[in-house]
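See structure below.
Throughout, numbering of the chain's residues begins at 1 and tracks the sequence. One-based numbering, in listed order, for ligands and for the atoms of each. Just so it is clear, the values below take in all heavy atoms, side chains as well, and ignore hydrogens, waters and symmetry mates.
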Amino acid sequence: MLETRPVIRVKNLINQMTLDEKINYLSGTGFVDGEKIGETKALPHLGIPAVKMTDATSGSKLTEDHILFPAFVCLAATFNPELSALYGRAVAEQCKADGYRVLLGPGVNMYRVPHCGRNFEYLGEDPYLACNMLVPYIKSVQEMGVIATVKHFVANNSEHYRKVSNSVVSERALHEIYYPVFKAAVQEANVKAVMTSYNLVNGEWVGQNKHLITNILRNEWGFDGLVMSDWWSIYNPEKAIKSGLDLEMPSARVFGKKWIKSLLAEGIISEAWINQRLINILKPFCETGLLDEKHPDPLLRKNWPEHARIAIETARQGIVLLKNQDDILPISIDSTKKLAIIGKNAVETSASGGGAGGFDPGEKLVTYLDAIINIASKNNIDVTYCEVPYYNIANVDTVLIFLTILEHEFMDRPFDLSDKQKKLIRQTANSNPNTVVVLSLGSGAEMASWIDEVKGLVYNWYPGTYGAQALAEILFGEINPSGKLPFSIEHRESDTHYYGNYLPEGTELPREIQRWYHGSPIFDIHYREGIFTGYRWYDTKNIQPLFPFGFGLSYSSFKIDNLKLSSGTIVGDEKLTIRCNVQNTTDVDGAEVVQLYIQDIKSSESRPKKELKGFKRVSLKAHETKQVEMTVDKNDLSFWSEVHRSWQVEDGSFNVLVGTSSANIYLKESFDYFKQNIPKEL
Ligand code: BGC
């Protein structure tokens with residue numbers, strides 16, 4: 001480690017600590033539900049204050065009068081890295097206002113199964129999209145003087161009995177699908193903290209996994225910050241301390257004096273090893289000013305109105321319109337007289353999923369009904385709400401059904417809506433064909449069995465405190481929808497990569513919330529699909545999903561054409577520039593996300609038919625045309641080879657595919673890549 005000023009200062013502090021103080025500093029001060037999520041110990045005689053931590057990615061739970069932002073998955077659906085930077089900065093300001101200088105987020109586990117109770121806290125199925133949304137978020141959190149903690153490292157892709165689930169994953173799938181977000185956090189965003197996950201990976205709990213923490217995270221990627229455990233997730237003192245983990249959270253269960261001292265006495269670890277753990281913890285604190293500044297900065301509250309604006313903008317850009325038969329939406333303010341709103345979620349709006357990422361937005365919450373009435377009343381539209389369609393809805397102009405599925409940390413959920421919800425959809429659609437379903441959740445759900453019965457479907461995610469306003473604006477056409485699905489949604493589970501590779505055979509998901517410790521034996525989750533998750537799987541198997549990755553409708557239509565590559569060949573580190581035009585062909589202003597996929601035409605190892613390697617969100621006035629430019633280089637052409645145990649790029653031809661979802665590709669051009677020189681015969 002470089003002897004930078006913070007390192008010198010921290011070493012100096014460590015030299016003044018007694019052994020007991022050193023050991024004591026390796027664990028937090030405990031957890032008090034609703035009051036204290038995590039905190040490091042104070043050493044006042046050395047000027048080291050307690051550092052307070054708060055959950056999580058979509059806001060600061062412990063900050064009084066916080067604003068909850070739309071779920072992180074909604075941010076992914078915006079495909080807008082600049083917005084991610086604003087969202088991250090606002091979350092950091094919310095933390096800092098009340099003195100929380102370690103944010104226990106962002107969460108970035110990849111979307112593997114729709115059942116995962118935490119998908120709403122993450123960024124979808126595609127590593128390229130997730131990395132590009134993640135990096136600006138972390139950078140702006142840390143620019144605000146708040147430490148970001150990227151979590152949960154790694155392969156924690158479902159919650160079902162997560163403390164005893166062992167993710168059995170190939171090295172290639174780890175490198176290509178599950179590691180990239182963490183690697184980008186370290187190498188591109190310079191993240192200062194990493195939280196390990198609850199599960200085991202290939203036979204060992206991550207919090208005590210030397211291969212993952214020391215070999216991969218530290219040695220391979222060069223991470224030199226703080227590695228903390230997830231809350232109560234390490235078991236073996238020797239393995240945990242030798243793995244390279246620095247801080248046990250929320251308190252000492254394993255990193256207690258008794259264990260650490262006996263490991264020292266037996267010569268299994270040295271005091272120098274402990275000192276290194278302390279450097280890793282204190283260096284980020286020192287670099288971030290936590291050892292000097294007064295922590296709370298309540299004046300930041302003046303920015304709350306701006307945060308509300310960013311929250312609403314995230315929902316405006318992230319809400320996804322999935323079906324719009326007969327242009328049922330937007331609701332015409334000229335011809336509509338009566339609207340019916342059905343479903344409890346319209347009034348008891350679930351603002352977020354549950355668990356660490358779950359928030360109570362308090363009295364500020366804007367419900368869907370409030371937001372709809374707000375616009376409807378200005379336009380003399382009559383709105384009637386009822387939980388179920390018990391009155392005659394046949395003669396209203398449009399019926400909106402509000403449904404939610406609870407996603408929650410430490411439980412997974414069924415793929416299907418409940419029977420009651422499906423019945424509600426059917427009954428409503430039978431009474432009035434002009435029915436639109438608005439779904440709030442963070443993942444895919446079974447929709448194939450009822451989607452033909454309704455004319456409209458909006459994927460609204462969890463809206464946070466203010467997102468309902470954006471939904472109302474979209475429903476009435478004040479805002480043109482432009483969100484895109486950050487994952488694929490299957491017709492049926494048997495179509496997917498995870499079918500048979502998720503729950504242990506013969507077991508089912510419990511319907512109720514599970515306990516912290518499940519006491520059941522360890523079970524394996526075999527990631528047999530390897531790198532072929534989501535659209536990579538559908539492409540390879542030639543299966544049509546119900547809704548593809550990257551898909552989302554607009555009230556405008558767009559044309560993409562004029563694809564041009566800067567060259568037919570690139571060599572070595574050269575970049576290829578890709579340009580195309582995108583035109584709004586309608587009278588309505590809107591935004592489209594142009595997506596660039598790369599296809600390796602021939603490879604020595606099997607590869608997905610295409611992979612996302614570029615995207616651009618473009619706002620276009622009515623009939624406006626803009627040129628879009630994206631670049632790729634050899635990193636975008638490479639794959640992780642099990643044979644060479646490293647990233648490889650091979651000479652050969654590649655296709656550039658441009659479209660508006662993984663299944664809507666309109667343009668194709670090819671180019672050649674050579675590692676060194678162009679062969680003479682060409
Ligand atoms: C979650 C973490 C969270 C921590 C503290 C754990 O149960 O997995 O994401 O940061 O609790 O609340």
Side-chain angles (χ1 to χ4, degrees), residues 27-40 50-63 66 68 71-73 91-92 94-95 100-110 116-123 134 137-138 141 146-165 167 181-182 185 191-201 205-207 226-235 245-254 352-360 407-412 442 513-518:
S27 55
T29 60
F31 173 87
V32 183
D33 200 9
E35 284 171 33
K36 181 166 74 172
I37 293 172
E39 187 184 53
T40 58
V51 171
K52 297 195 288 171
M53 306 175 173
T54 183
D55 283 311
T57 317
S58 300
S60 169
K61 204 172 189 164
L62 293 179
T63 298
H66 58 240
L68 171 62
F72 210 37
V73 68
V91 170
Q94 297 261 324
C95 294
Y100 297 99
R101 300 289 291 269
V102 176
L103 174 71
L104 298 170
V108 283
N109 295 92
M110 301 308 296
C116 173
R118 300 190 87 166
N119 282 335
F120 75 95
E121 294 184 57
Y122 303 150
L123 291 169
L134 177 72
Y137 176 100
I138 294 177
V141 166
V146 172
I147 291 177
T149 310
V150 69
K151 69 185 188 184
H152 309 85
F153 182 64
V154 59
N156 178 195
N157 309 101
S158 48
E159 289 292 289
H160 180 64
Y161 288 175
R162 60 184 179 180
K163 290 190 170 185
V164 287
S165 69
S167 303
V181 272
F182 294 100
V191 75
K192 292 191 185 293
V194 175
M195 186 192 294
T196 56
S197 56
Y198 279 115
N199 53 298
L200 303 88
V201 173
W205 276 283
V206 180
L226 154 63
V227 182
M228 70 176 84
S229 70
D230 202 342
W231 275 220
W232 304 285
S233 67
I234 53 175
Y235 308 94
L245 185 87
D246 304 308
L247 182 65
E248 181 180 18
M249 291 301 291
S251 55
R253 206 173 60 168
V254 169
S352 80
F359 281 59
D360 175 2
E407 296 185 2
H408 197 294
E409 181 191 348
F410 53 86
M411 65 178 258
D412 279 356
I513 292 178
Q514 302 149 25
R515 301 249 155 260
W516 279 101
Y517 179 66
H518 316 300

Review point. Quick one: side-chain contact (heavy atoms from CB on, under 4.5 Å) partners of A71, sequence neighbours excluded?
Key: V73, F120, Y462

Revision key, fill the gap. Looking only at heavy atoms, the pair that brings L62 and G34 closest together is CD2-O, 3.7 Å

Exercise for review: Show which atoms of ligand 1 fall inside a sub-4.0 Å distance from at least one heavy-atom site of A356.
Suggested key: 3 (C), 12 (O)

Review point. Should Y198 be listed as contacting ligand 1, given a heavy-atom distance under 4.0 Å as the test?
Key: yes

Review point. Does ligand 1 have an atom under 4.0 Å from some heavy atom of R162?
Key: yes

Review point. Relative to the heavy atoms of K151, which atoms of ligand 1 are at a distance of less than 4.0 Å?
Key: 2 (C), 3 (C), 9 (O), 10 (O)

Practice item. State, without any angle test, whether R162 and H152 hold a side-chain donor-acceptor pair at a distance under 3.5 Å. Key: no

Review point. R118: heavy atom below 4.0 Å from ligand 1, yes or no?
Key: yes

Practice item. May I ask whether M195 places a heavy atom under 4.0 Å from ligand 1? Key: yes

Check your understanding: Would you say H152 touches ligand 1, if touching means a heavy atom closer than 4.0 Å?
Key -> yes

Exercise for review: Would you check if D230 and K151 make a side-chain contact, meaning some heavy-atom pair closer than 4.5 Å?
Suggested key: no

Exercise for review: Answer with yes or no whether the side chains of E39 and T29 bring together a donor and an acceptor at under 3.5 Å.
Suggested key: yes

Point to revise | Ring center gap for Y198 and F410 short of 6.0 angstrom | key: no

**Study point:** Identity of the nearest option to atom 11 (O) of ligand 1, non-hydrogen atoms only, from T57, D230, I37
**Key:** D230

Practice item. Decide yes or no for W231 and I37: does some side-chain heavy atom of the first lie under 4.5 Å from some side-chain heavy atom of the second? Key: yes

Check your understanding: Which of the numbered atoms in ligand 1 are below 4.0 angstrom from a heavy atom of L104?
Key -> 10 (O)

